[in-house]
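Letters A, B, ... are given to chains in the order of the sequence lines, protein chains preceding strands, and every chain is numbered from 1.
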Amino acid sequence: MAATFFGEVVKAPCRAGAEDDEEEEEERRRETPEDREVRRQLARKSLATFHLGSQSAPWTRDTNLRSSCLSLPQCRDYSGTVPSERFLSSTPSGREVRLLRRQTKASLEVALLEKYSCSRFIIAVGNNAVAFLSSFVMNSGVWEEVGCAKLWNEWCRTTDAVHMSPTEAHCVFYHLKSNPSVFLCQCSCYVAEDQQYQWLEKVFGSCPKKNMQVTVLTCRHVTDYKTSESTGSLPSPFLKALKTQNFKDPVCCSLLEQPNIVHDLPAAVLSYCQVWQLPAVLYLCYTDVMKLDLLTAEAFKPVLSSRGLKGLAKNVPQSTEILRKLMTANEVQSNIYT
Amino acid sequence: MFVPCGESGPDLSGCTLLLPAVSVGNVGQLAIDLIISTLNMSKIGYFYTDCLVPMVGNNPYATAEENSTELSINTEVYSLPSRKLVALQLRSIFIKYKSSSFCEKLLSWVKSSSFARVIVLSSSHSYQRNDLQLRSTPFRYLLTPCMQDSAQNEIQSLNWQEMEKTPCIPEMSDSDYCVRIPGGGITRTLYQESCSKEIPMAVLLKFVSEGDNIPDALGLVEYLNEWLQIIKPQSDDPTPSTLPWKIPSSWKLLFGSGLPPALF
């Protein structure tokens with residue numbers, strides 16, 4: 001706990017993360033479905049009463065809720081704040097990761113890489129990595145979509161978890177028509193911590209194939225890079241790599257030094273590959289521009305010479321031009337001063 | 001689940017398992033880092049679950065260019081066969097609602113691997129101490145009933161202080177008393193489950209505040225060392241400053257990168 005300047009006592013976030021309060025959450029989740037339904041109806045009733053306004057008797061949050069709350073066996077002392085999701089089921093719903101064929105909307109019954117044979121799997125996470133693969137790799141061959149991952153979390157732009165429109169899928173899987181064992185994933189959405197393992201399961205499955213080589217491309221902000229110099233003096237964008245024990249090929253840039261670490265989906269993929277002894281490499285671009293940026297996307301160019309992407313980029317000058325046009329098309333033209 | 005690095009799983013029966021709780025100041029984790037680094041323990045596998053936030057980085061215990069490029073993940077298992085010591089290191093926080101599941105999986109692995117005993121290194125919020133605790137040593141221990149049978153005599157000879165029971169609901173004057181470890185993360189769950197599953201477990205913790213917790217970690221390993229004698233003093237002088245705990249190479253820039261010169 002910590003005291004604020006105004007004399008309030010608030011719960012300060014702990015670096016260690018897990019707190020004993022998690023036990024309370026666990027207890028709340030052990031409620032029976034009937035308890036949860038009662039709480040939901042109470043919440044709906046009190047919200048409805050609140051919205052009726054002058055049509056009903058003046059509604060006092062404290063008395064109305066406290067009296068109904070005390071009748072429930074596990075209710076805690078309610079401090080009188082506006083009813084919110086505290087009274088709804090605390091089991092996260094709508095956070096499943098589903099893998100399906102976009103055209104037919106049919107879910108894939110097995111994991112993607114269990115259904116298909118795969119020798120190379122390239123994953124781009126984030127808009128700059130996706131733009132790079134789009135311009136240099138996808139424009140150099142014919143790629144066929146084999147599936148997409150649909151998921152929802154607080155970072156998604158869409159607000160309706162249930163009725164996501166088919167065009168809003170942000171994690172799409174392709175394979176090369178001329179060599180169907182080469183797979184590519186364009187992931188421009190954020191996959192939350194509690195969804196990353198689900199994503200791995202749906203894509204890699206439970207039988208990892210040891211002859212598959214994995215390449216991951218992603219970006220991080222340069223302020224995340226720890227160095228004894230000031231990050232302001234670093235020549236960003238710059239590339240760093242991390243590889244698993246079974247990855248024996250040369251890397252296209254220097255390795256990421258300690259104490260730097262990587263999180264999120266790229267870390268989940270690399271961890272999976274390390275544990276199950278798959279050869280995998282992560283190319284990480286540190287940049288000071290996180291939105292779509294030409295310099296940042298071009299910083300991945302050295303990766304084109306790696307074994308993972310060998311032969312997939314045909315005409316680099318043409319691809320550079322396509323990338324430049326992609327950037328221009330996405331620029332928001334400010335016309336405040338015109 | 002435990003996944004070995006090599007083809008076959010090592011025999012862990014009869015070993016002592018050291019593990020941290022993700023707790024205030026990350027003291028347990030820092031202490032395990034010190035132990036792995038000092039004893040030069042080798043990695044034998046991973047405890048791969050969906051319970052902790054994924055993270056990767058290069059070898060945090062690198063001593064030379066050659067061993068600095070081995071990838072490390074969020075939960076790894078190290079061993080020192082000559083001392084029958086095994087250490088599990090946790091490097092990230094629990095995903096919401098997954099801590100109980102992790103405790104179940106961990107204790108199930110402890111049982112199936114036939115570890116002789118488990119020692120959890122942890123910490124608790126120093127601001128939650130009562131008056132008696134404020135005036136005494138900041139170190140505490142807890143033993144499960146079946147651990148008491150084997151270790152109570154040793155512990156008593158060390159004059160250690162057992163973690164006191166405090167009111168379950170501090171605001172109530174007639175509340176029951178129980179073991180509370182505020183800021184201890186999964187420590188209490190692990191202890192309670194081990195009591196009921198008859199697992200020989202000891203919890204060693206220190207009351208700490210968030211900040212630079214390296215001295216707290218050094219204190220906690222010294223506390224453990226009083227019992228296990230992991231490393232012996234090099235001279236006759238047993239004072240803590242003479243014990244050669246090796247700081248891992250990854251313990252740098254803990255509070256951020258260098259500052260821009262223009263700031264000054």
Does any backbone or side-chain atom of [X] lie under 4.5 Å from a heavy atom of chain B? Answer side chain, backbone, both or neither.
X	value
A:Gln277	side chain
A:Tyr272	both
A:Leu265	neither
A:Glu229	backbone

What part of [X] is in contact with chain A, defined as an atom under 4.5 angstrom from a non-hydrogen atom: side chain, backbone, both or neither?
X	value
B:Pro248	neither
B:Asn59	backbone
B:Thr49	backbone

Salt-bridge contact B:Glu70-B:Lys43 (side-chain N to carboxylate O under 4.0 Å)
no
Go through A:Leu242, A:Thr244, A:Leu255 and name the one with the most non-hydrogen pairs under 4.5 angstrom from chain B.
A:Leu242
Would B:Tyr46 and A:Gln274 count as having a side-chain donor-acceptor pair, cut-off 3.5 Å?
yes
Establish, from distance only, whether the side-chain atoms of A:Gln196 and B:Asp50 form a donor-acceptor pair under 3.5 Å.
no
Taking all non-hydrogen atoms of both residues, which atom of B:Arg91 and which atom of B:Tyr78 are closest, and how far apart?
NH2-OH, 3.0 Å
Could you pull out the closest heavy-atom pair between B:Val24 and B:Ser123, with the gap in Å?
O-OG, 2.6 Å
I would like to know whether B:Ser126 and B:Ser209 meet side-chain hydrogen bond (donor to acceptor under 3.5 Å, both in side chains); could you show each step before the answer?
CA-CA 6 Å; B:Ser126 61; B:Ser209 300; 2.6 Å; yes
B:Tyr223 ring center within less than 6.0 Å of B:Phe139 ring center
yes
Let's test your reading of the structure: which of B:Leu254, B:Leu52, B:Thr69, B:Asn58 forms the most heavy-atom pairs below 4.5 Å with chain A?
B:Asn58
